[in-house]
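Note that these values count all heavy atoms, side chains included, but never hydrogens, waters or copies made by symmetry.
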Amino acid sequence: MATAIITGASQGIGACIAKRLAKDGFDVVINYYPSESSKEKALAVAAECEAFGVKTLCIGADVSKFDQCEAMVKQTKAEFGTIDVLVNNAGITKDTLLARMKEEDYDAVIAVNQKSIYNMLKHTCAVMMKQRHGRIVNISSVAGLYGNPGQVNYSASKAAIIGMTKTVAKEFGSRNITCNAVAPGLIRTPMTDVLSDELKAKMLSAVALGRYGEPEEVASVVSFLASEDSSYITGQVIEISGGLSM
Ligand code: NAP
């Protein structure tokens, strides 16, 4: 049985990706931020995954912390033996215009959204290289491609992910490891629920399909990139935005 780690899988897009990969037949590692409330949510996601007949492991780890990512990768390897798929999904926002943005809010978003990718890749790539097989999918954003007012920290982190994706694709291609990114637009999750109605309406007006995306519509693309069907695709960024920018 193949194994997939999904970071930030206690809710939203990450939870949906975990369920989709479980449906695809992967044993799944459901990473959650180490708190009691996140653990409860992760256990509920695990129960839904197990309904597909796969094994699950819930691991509390703050992905911005190098040591906690190392421990998560070691625990996964010990439990399941292989790591076939890594989905770097965990992310946060701390939005405000640059003129008002505090240094700690800039640093926090970079640590969780960007440094976490290094933390996870550093430990997982060693396992995948030995296996001579791996699929890495990083969750970027349209903000990383086009920028977004009020998100200089977030767009910097998401643009960095694209550079990291292409570099890793080049460094590990010869070991049969692919690394791709998806760039979602406006997806219906707890992260976007908190946006003001005015901002939601403004963003929706630019979406060709005229509606929010659903987390399942991100998960299906991740499922493809995690599968053998995408074996000749690497270093790419697939926008999932309902035609937000063309
Ligand atoms: P969400 O509902 O807020 O979920 C984010 C997940 O990340 C939660 O499970 C959260 O756990 C976890 N997380 C946060 N900090 C963490 C940390 N330090 N360590 C481990 N886990 C952590 O957001 P979402 O909308 O599903 O977003 C998922 C990804 O898609 C993010 O990378 C986001 O930037 C990206 N994205 C989302 C949209 C959108 O429209 N929703 C668009 C483009 C890109 P807790 O809840 O326990 O804190």
Can I177 be reached from V73 by stepping across I, L, V, M, F, W or Y side chains whose heavy atoms are under 4.5 Å apart? yes
Under the side-chain hydrogen bond (donor to acceptor under 3.5 Å, both in side chains) test, residues paired with T56 that sit two or more places apart: E50
Following the transitive rule for hydrophobic clusters with a side-chain heavy-atom cut-off under 4.5 Å over Ile, Leu, Val, Met, Phe, Trp and Tyr, establish whether I92 and V142 coincide in one cluster. no
Could you walk me through whether M128 and I136 satisfy the side chain to side chain contact (heavy atoms under 4.5 Å, CB included) test, starting with their C-alpha distance in whole Å, then the side-chain angles of each, then the deciding distance to 0.1 Å, before giving a yes or no? CA-CA 10 Å; M128 289 182 170; I136 299 160; 3.9 Å; yes
Measuring from atom SG of C49 to atom NZ of K55, what distance do you get when rounded to the nearest 0.5 angstrom? 14.5 Å
When you compare the side chains of Y146 and E239, does any donor N or O come within less than 3.5 Å of an acceptor on the partner? yes
For the student: nearest non-hydrogen atoms of A61 and P34, plus distance: C-CD, 3.5 Å
CG of L186 to CG of L195, rounded to nearest 0.5 Å, is 7.0 Å
Tell me, do K39 and C58 make a side-chain contact under 4.5 Å, heavy atoms counted? no
Set of residues satisfying side-chain contact (heavy atoms from CB on, under 4.5 Å) with respect to A111, sequence neighbours excluded: S64
Using the test side-chain hydrogen bond (donor to acceptor under 3.5 Å, both in side chains), find all partners of Y118 that sit at least two apart in sequence or belong to another chain. none
Distance (rounded to the nearest 0.5 Å) between K115 NZ and D107 CG: 12.0 Å
Between T167 and K170, is there a side-chain heavy-atom distance shorter than 4.5 Å? no
Charged N to carboxylate O below 4.0 Å: is that the case for K74 and E70? yes
Shortest non-hydrogen separation from A18 to A9 and the atoms involved: CB-CB, 4.4 Å
Apply the test side chain to side chain contact (heavy atoms under 4.5 Å, CB included) to residues Q68 and V63: give CA-CA distance (whole Å), side-chain angles for both, the deciding distance (0.1 Å), then the verdict. CA-CA 7 Å; Q68 294 187 31; V63 290; over 6 Å; no
Look at the side chain of N148 and the backbone N and O of A143, then say whether any donor-acceptor pair between them is shorter than 3.5 Å. no
Check the pair F80 / V29 against side chain to side chain contact (heavy atoms under 4.5 Å, CB included), numbers first and verdict last. CA-CA 10 Å; F80 293 126; V29 174; 3.7 Å; yes
So does K65 pair up with D62, basic N to acidic O under 4.0 Å? yes
With sequence neighbours excluded, residues passing side-chain hydrogen bond (donor to acceptor under 3.5 Å, both in side chains) with E228: H133, R135
Quick check: closest heavy atoms across F172 and C125, and the distance to 0.1 Å? CE1-SG, 3.7 Å
Can you name the one residue among N119, T165, N113, N138 that meets side chain to side chain donor-acceptor pair (under 3.5 Å) with N88? N138
Passes side chain to side chain contact (heavy atoms under 4.5 Å, CB included), M72 versus H123? Steps please. CA-CA 9 Å; M72 169 157 51; H123 303 296; over 6 Å; no
Is a donor on one side and an acceptor on the other found under 3.5 Å between the side chain of T124 and the backbone of M120? yes
Looking only at non-hydrogen atoms, find the nearest pair between Y33 and S38 and report the distance. O-CB, 3.1 Å
Check: D84 main-chain N/O paired with T82 side-chain donor or acceptor under 3.5 Å: no
To the nearest 0.5 angstrom, please state how far the CG atom of N31 sits from the CG atom of L57. 10.5 Å
Starting from I110, walk the hydrophobic network (Ile, Leu, Val, Met, Phe, Trp, Tyr; side-chain heavy atoms closer than 4.5 Å) and list everyone else you reach, by chain and number. L98, M101, Y106, V152
Interatomic distance, OG1@T189 vs CD@E214, rounded to 0.5 Å, equals 10.0 Å
Heavy-atom nearest pair, S223 first then D24, reads OG-OD2, 2.7 Å
With a 3.5 Å distance limit and no angle check, can you tell me whether Q236 reaches the backbone of T234 through a side-chain donor-acceptor pair? yes
Whether the side chain of T93 engages the backbone of D95 through a donor-acceptor N/O pair (distance < 3.5 Å, no angle test) should be reported. no
Within a radius of less than 6.0 Å around CD of E104, do more than 12 heavy atoms belonging to other residues, nucleotides or ligands occur? yes
If you take all heavy atoms of A22 and F52, which pair is closest and at what distance? O-CB, 3.6 Å
Transitive ILVMFWY cluster of V28, excluding itself - 4.5 Å side-chain cut-off: I6, I13, I17, L21, F26, I30, V45, V85, V87, V137, I139, V182, I187, V218, V221, V222, F224, L225, I233, I238, I240
Would you say the side chain of I162 lies within less than 4.5 Å of the side chain of K166, judging by non-hydrogen atoms? yes
Quick check: is L244 connected to I161 through a chain of hydrophobic side chains (ILVMFWY, heavy atoms under 4.5 Å apart)? no
Rounded distance (nearest 0.5 Å) linking atom CG of L204 with atom CG of L209: 11.0 Å
